[in-house]
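When a residue number appears, it is its place in the shown sequence, counting from 1. Owing to the predicted nature of the structure, the values given are computational and were not obtained by experimental measurement.
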Amino acid sequence: MKNLAIIPARGGSKRIPRKNIKSFIGKPIIAYSIEAALRSGLFDEVMVSTDDVEIAEIACKYGAKVPFMRSIETADDHATMENVIEEVLLKYTVSFDNFCCLLPTAPFLSASSLQDSFKIFISSNRESLVPVLRYSYPIQRALHVVDGNLVMREQQYIHTRSQDLKPMYHDAGLFYWMKVVSFLKEKEIFSSSTAMYELSELEVQDIDTEEDWKLAELKYKMLHAKG
């Protein structure tokens, strides 16, 4: 069974300039994803898909491979992650059974999470696996505004205890496992047969703004504080 790690990291970034190689606690943030993938021992190859020469050089410095540069079509603002993955899989001359797409801004990603999620992915016999985070408050009790009035979105749960409501989850946005054949057929990360791997709040942090970045660094320092 051959596995490929794909780390998409284009050069353009609107909200945080040069986001994918910006220094995070002393090293380019993409290095954390590369190192987690390499430490996991799961991959026959860890590659970075990029259109940027500097990103390619940094990726190689930390142990990844950049066998080819991303095309113009998959480097613009409108290209989807699925577009990038498809391009990578079709360009390889070597065949892989599974791939894992790792986000380049995931400093809390661990090798053990990759290993544990891969075990679930294989044992579940699903076509894909997505890491998730449980909503801290039941979304069935969500509120919204109608004609200026604050109301419950789902009135039938107004008197239901929180502990009696079914847990709901959202995409953690760290990595995605999938069978190559299934992806090339469906062209979707969320396939018709998807398993989940639940993460904790300590393992997930969105980094979309400068404020997010500062919070992520504070969180990382707290989690890795010595003593």
Side-chain angles (χ1 to χ4, degrees), residues 3-40 42-94 96 98-111 113-114 130-131 171-178 180 183-184 187-189 204-217 219-220:
N3 299 326
L4 173 66
I6 303 172
I7 303 175
R10 71 188 184 97
S13 178
K14 297 294 189 296
R15 289 174 290 188
I16 304 178
R18 307 299 287 164
K19 174 181 177 180
N20 292 325
I21 53 173
K22 181 179 170 70
S23 179
F24 184 94
I25 316 292
K27 61 185 173 183
I29 196 167
I30 193 175
Y32 293 88
S33 297
I34 294 171
E35 290 173 345
L38 292 171
R39 284 198 304 270
S40 74
L42 295 170
F43 302 103
D44 295 271
E45 185 154 311
V46 176
M47 73 86 66
V48 169
S49 170
T50 186
D51 60 322
D52 188 277
V53 173
E54 185 182 11
I55 292 177
E57 291 174 349
I58 289 173
C60 292
K61 175 183 175 181
Y62 283 92
K65 294 184 179 180
V66 184
F68 42 80
M69 299 299 285
R70 189 184 297 191
S71 67
I72 296 174
E73 291 75 20
T74 58
D76 67 22
D77 293 336
H78 304 291
T80 66
M81 187 182 299
E82 286 83 359
N83 295 150
V84 175
I85 293 170
E86 182 181 17
E87 178 180 71
V88 168
L89 295 177
L90 293 179
K91 279 194 174 185
Y92 263 93
T93 55
V94 180
F96 294 93
N98 311 297
F99 71 85
C100 185
C101 181
L102 293 79
L103 276 289
T105 52
F108 300 98
L109 178 62
S110 67
S113 290
L114 291 172
V130 172
D171 176 9
L174 291 183
F175 60 88
Y176 306 91
W177 282 104
M178 195 164 188
V180 170
F183 176 82
L184 291 176
K187 309 291 177 64
E188 293 288 347
I189 289 293
V204 180
Q205 174 68 49
D206 285 335
I207 306 179
D208 295 319
T209 65
E210 293 289 353
E211 289 73 20
D212 290 340
W213 192 284
K214 292 174 183 177
L215 285 172
E217 289 190 319
K219 182 176 176 180
Y220 189 93

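Annotation: the span from Glu82 atom CD to Cys101 atom SG amounts to 8.5 Å, rounded to 0.5 Å. Taking SG from Cys100 and CG from Asn3, the interatomic distance works out to 8.5 Å, rounded to the nearest 0.5 Å. Note that CD1 of Ile16 is 8.0 Å distant from OG1 of Thr105, once rounded to the nearest 0.5 Å. With rounding to the nearest 0.5 Å, the separation of OG1 in Thr50 from CD1 in Ile30 is 7.0 Å. Ile55 contributes atom CD1, which lies 5.0 Å from atom CG of Asn20 (distance to the nearest 0.5 angstrom). How far CD of Glu188 is from CE of Met178: 8.0 Å, rounded to the nearest 0.5 Å.
Taking 4.5 Å as the limit, some side-chain heavy atom of Leu90 sits within range of a side-chain heavy atom of Leu184. In this structure the side chain of Pro8 reaches within 4.5 angstrom of the side chain of Arg70, judged on heavy atoms. Looking at heavy atoms from C-beta onward, Asp171 lies out of side-chain contact with Ile189 at the 4.5 angstrom threshold. By the 4.5 Å heavy-atom criterion applied to side chains, Leu4 and Leu89 are counted as neighbours.
Scanning for ring pair (Phe, Tyr, Trp, His ring centres under 6.0 Å) contacts around Tyr92 gives Phe68, Phe96, with sequence neighbours left out. Here Tyr32 pairs with Phe24, Tyr220 under the ring pair (Phe, Tyr, Trp, His ring centres under 6.0 Å) rule; sequence neighbours left out.
Ala36 approaches Leu114 most closely through the heavy-atom pair O-CD1, 3.7 Å. Considering every non-hydrogen atom in both Asp212 and Gln205, the closest pair reads O-NE2, 4.2 Å. For the pair Ala9 and Val48, the tightest heavy-atom approach, listed with the atom from each and the gap, is CB-CG1, 4.1 Å. Residues Pro107 and Ile29 approach most closely at CD-CD1, 3.9 Å, considering heavy atoms. Across all their heavy atoms, Glu217 and Ser23 have their closest contact at OE2-O, 3.8 Å. Scanning all heavy atoms of the two residues, the minimum distance from Asp52 to Arg18 falls at OD2-NH1, 2.8 Å.
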> So Met81 and Leu103, side chain to side chain contact (heavy atoms under 4.5 Å, CB included) or not? Walk me through it.
Replying inline: CA-CA 10 Å; Met81 187 182 299; Leu103 276 289; 4.1 Å; yes
>> Using salt bridge (charged side-chain N to carboxylate O under 4.0 Å, His left out), reason through Lys187 and Glu86 one step at a time and then give a plain yes or no.
In response: CA-CA 7 Å; Lys187 309 291 177 64; Glu86 182 181 17; 3.0 Å; yes
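A side-chain donor-acceptor contact under 3.5 Å links Asp51 to the backbone of Gly11. In this structure, Asn83 contributes its side chain and Ala79 its backbone to no donor-acceptor pair below 3.5 Å. Counting only distance, with no hydrogens or angles, the side chain of Asp206 and the backbone of Asp208 share no donor-acceptor pair below 3.5 Å.
No donor-acceptor contact under 3.5 angstrom links the side chains of Glu87 and Ser49, judged on distance only.
Salt bridge Asp77/Arg10: present, at least one basic N to carboxylate O contact under 4.0 Å.
Just one of Phe183, Tyr176, Trp177 meets the ring-ring contact (aromatic ring centres under 6.0 Å, His included) condition when paired with Phe99; it is Phe183.
Listed by first and then second residue, the side chain to side chain donor-acceptor pair (under 3.5 Å) pairs that reach into residues 55-69 come to none, sequence neighbours excluded.
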